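Just so it is clear, the model here is predicted, and its values are computed rather than measured.
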Amino acid sequence: MSEKLNVAILGATGMVGQRFITLLENHPWFEVKTLAASARSAGKTYEEAVGDKWKMDVPMPEAVKKIVVKDVSDVENVAADVDFVFSAVNMTKEEIRAIEEEYAKTETPVVSNNSAHRWTPDVPMVIPEINAAHYEVIEAQKKRLGTTRGFIAVKPNCSIQAYTPALAAWKEFEPTQVVVSTYQAISGAGKTFKDWPEMVGNIIPYIGGEEEKSEQEPLKVFGHIENGEIVKAEGPEITSQCIRVPVLNGHTATVFLNFKGNPTKEELIDRLEKFSGKPQELNIPSAPKQFIQYLSDCDRPQVALDVDYENGMGVSIGRLRKDSIFDWKFVGLAHNTVRGAAGGAVESAEMLKALGYITKK
């Protein structure tokens, strides 16, 4: 690629914004040009604005330290010098919906980590390996917004990443019912143990709004486009419980499921290991070479051993076995701030660039 696309990060000082910055350091296609955050950070260098709240386990990249942070609400100014934006703003859903549409209407594509537009019917919510075809709905969205190149695309919630890829890999066997419990890391709340000492040695059996997302968002991912809108799939039926656990990074899921078909264990493992999608076909920079790995050891996947599989962009599945009530059960693991948040958004932006939706202004 001869010339990199310039990108802004909205909500750059938060944990997901910081993760974007680390993932985009030396990115072959994208260059961080602009950082934006709340009015209280505006006018400070990024280093000053973050202060002692840098939450990543790698140093802040030198290239961003002296960038002067802009006010995220100064939409025209932030969008002026960039080809597209990543959105990780911390606002109410109504405010996020409004400001992301404002950016899109400046003819600046928005690739969002936020949930505000996940159920907007003409906004694609994509795991690129599974439903990249949903990007086609962008044309209908642009007509609604009155734009020629501006649009919004989102990624789904981090909680579904550890099990939805397995359901996609097993589509031919027609999963009908899914019971899932997710054990979610504290970074999913934008926290470290320093910020949240009461999580040490503790479990909190409630994460606001998470169970509805875990049950419903896979159905939009598995849906289809009809009359310029994404219509969610009717199944499988999913019920969930979501629990906060004392882990820094990595969401684990325990899953019980029934199939209409009657697959063998060998067939299920084969489909997991062979499953790939458009990112692997196009060989985009962030795509894992092997999206899903199956681990045969009875004590895997483990956060400590497996969360960084494929640089945090892969999914690990293990403990696949017959169940006494359901057909099968398994354990899944995905990195919540890489595959489940910033990394998934970066991969989405790469797909959008490769497919011609994001170009130089």
Would W170 and E172 satisfy side-chain hydrogen bond (donor to acceptor under 3.5 Å, both in side chains), going step by step from the backbone distance to the final call? CA-CA 6 Å; W170 296 332; E172 68 184 278; over 6 Å; no
Can Q280 and E129 be said to form a side-chain hydrogen bond (donor to acceptor under 3.5 Å, both in side chains), step by step? CA-CA 8 Å; Q280 287 72 35; E129 283 82 0; 3.1 Å; yes
After noting the C-alpha distance and the side-chain angles of D81 and K33, does the key distance pass the salt bridge (Lys or Arg N to Asp or Glu O under 4.0 Å) rule? CA-CA 8 Å; D81 298 323; K33 178 84 171 177; over 6 Å; no
K4 vs E31, salt bridge (Lys or Arg N to Asp or Glu O under 4.0 Å): CA-CA, chis, key distance, verdict: CA-CA 6 Å; K4 291 186 180 183; E31 184 167 351; 5.2 Å; no
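A cation-pi arrangement is not found for K265 relative to W328, the charged atom failing to lie both closer than 6.0 Å to the ring centre and inside a 45° cone about the ring normal.
Between F256 and F326, the angle of the ring planes lies from 30° to 60°, which puts this pair in the tilted group. Ring planes of W29 and H27: perpendicular class, angle over 60° (limits at 30 and 60°).
Between the side chains of Q293 and E273, no donor-acceptor pair is found at a separation under 3.5 Å. Donor-acceptor pairing under 3.5 Å is lacking for the side chains of E25 and T22. Using modelled atom types and a 3.5 Å distance limit, the side chains of Q177 and N258 yield a donor-acceptor pair. Under the 3.5 Å distance criterion, with hydrogens and angles disregarded, a donor-acceptor pair is assigned to the side chains of S159 and S214.
Linking Ile, Leu, Val, Met, Phe, Trp and Tyr whenever their side-chain heavy atoms come within less than 4.5 Å leaves L145 and I96 in two separate clusters. V16 and I127 are members of different hydrophobic clusters when ILVMFWY side chains are connected at heavy-atom separations under 4.5 Å.
Here E62 pairs with K65 under the salt bridge (charged side-chain N to carboxylate O under 4.0 Å, His left out) rule; sequence neighbours left out. In this view, K66 and E47 satisfy the salt bridge (charged side-chain N to carboxylate O under 4.0 Å, His left out) rule, not counting sequence neighbours.
Considering NZ of K155 and CD of E347, their distance stands at 11.5 Å, rounded to 0.5 Å.
No donor-acceptor pair closer than 3.5 Å links the side chain of E350 to the backbone N or O of I284. At distances below 3.5 Å, at least one donor-acceptor pair connects side-chain atoms of E107 with backbone N or O atoms of R149.
Sparse packing is recorded around CG of N311, with 12 or fewer heavy atoms of other residues, nucleotides or ligands lying under 6.0 Å away.
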